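Below: one structure, written as structure tokens.
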Amino acid sequence: MNLKGRHLIDPSDFTLEELNQIFTVAQDMVDIPEKYDKICKGKILATLFYEPSTRTRLSFESAMLRMGGKILGFADAQTSSVKKGESISDTIRVVDGYSDIAVIRHPREGAPKLASEFSQVPVINGGDGGHQHPTQTLTDLLTIKTLKGNIDGNKVALCGDLKYGRTVHSLIKTLSRYKDMEFYLVSPPQLQMPEYVKNFVKETYNVKIVETSKIEDVIDEVDILYMTRIQKERFFNEEDYLKLKNSYILTADKIENAKEDMLIMHPLPRVNEIDYSVDKDKRAVYFKQAKYGVYVRMSLMAHLLGVI
Ligand code: NCD
């Protein structure tokens, strides 16, 4: 299997076998990082971030630096030629001459895909509007695989802003490809998972989906509780956001009867949907999850660059 030169725009760009290959190498990178600390010597990663980011950009940069490569890019498009009106297709045609691989985050859905059509180097979607976030999904899957041993057969609750949250769109589409998955979608009625995503996974993979607005309905049942932030920046007015911002606040007492080995995950940043009292519970794995994000991005880039 050869991933060299490929783009990652949508998680379904890769087969399950290819994803598995990325996870296997990522797990080896966790165990023996020194084996990989020079494999990207001479390679340059470009990070083009047209929207705010902490984890995604820094974990990509950390990943490239940990493999002996170098980085360049911008974290604020207002300091780049975008401010002068440059199009993304022109920017990528310049940047591909300065780098060997590029990650792009953009508020417009489809922008990284458009860039990939013009690019001579692999392009990775670092999140496009409320659409997709494939490398967060790789991070989530590596976390589940490592901590649970298996992705198949899990009951997963996705909770929070399922309408605008791009992480959960990519995640449900990808988890649905595994065997015997069951999903509980927990959100206020105004923030339900878009019909196009639900219909796609139901029709394509025949998965079981139950929708509710109460976390208490599902907490004792699930193997994975995936919390998300209400996506303030995607609301059309502040008033609607204020009404919904505290829809879910997970506290230590709410998880008392949950399964012993349930994983509480979150792509981060959290606002107040998980109380700090939950952090010391061994089931709370969101900071571990953020760390797995570095290793999975190392493995992804090493494969796309063909150095592995
Ligand atoms: C997420 C994102 O940008 O979509 N953050 C991340 O990359 N870990 C989640 C969020 O912002 O809520």
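Positions are given from 1 along the sequence. Order of appearance sets the numbers: ligands from 1, and atoms from 1 within every ligand. Predicted model only: the values in this text are computed from it and were never measured.
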message = Counting only heavy atoms, tell me which of Thr135, Asp140, Val168, Thr167 gets closest to atom 1 (C) of ligand 1.
response = Thr167
request  = For residues Tyr178 and Tyr205, establish whether the separation of their ring centroids is below 6.0 Å.
outcome  = no
message = Among all the protein's non-hydrogen atoms, which is closest to atom 11 (O) of ligand 1, and how far away is it?
response = Arg229 NH2, 2.9 Å
query = Under 4.0 Å between a Lys/Arg side-chain N and an Asp/Glu carboxylate O for Lys259 and Asp223?
reply = yes
message = For Gln231, state whether at least one heavy atom is located under 4.0 Å from any atom of ligand 1.
response = yes
ask   = So, does Gly127 sit close enough to ligand 1 that a heavy atom of it is under 4.0 Å from the ligand?
value = no
request  = Verify whether one side chain among Thr47 and Arg57 offers a donor that lies under 3.5 Å from an acceptor in the other.
outcome  = no
key: Between Lys245 and Asn272, a side-chain donor and acceptor under 3.5 Å   = no
Within the 4.0 Å heavy-atom shell around [X], which atoms of ligand 1 are there?
{"X": "Leu268", "answer": "1 (C), 5 (N), 6 (C), 8 (N), 9 (C)"}
{"X": "Thr56", "answer": "6 (C), 7 (O)"}
{"X": "Arg105", "answer": "3 (O), 7 (O)"}
{"X": "Arg166", "answer": "2 (C), 3 (O), 4 (O)"}

request  = Please lay out, stage by stage, how Asp28 and Lys35 fare under the test salt bridge (Lys or Arg N to Asp or Glu O under 4.0 Å).
outcome  = CA-CA 9 Å; Asp28 198 47; Lys35 203 167 121 188; 2.5 Å; yes
ask   = If you count the non-hydrogen atoms of other residues, nucleotides and ligands that lie under 6.0 Å from NZ in Lys4, is the total more than 12?
value = no
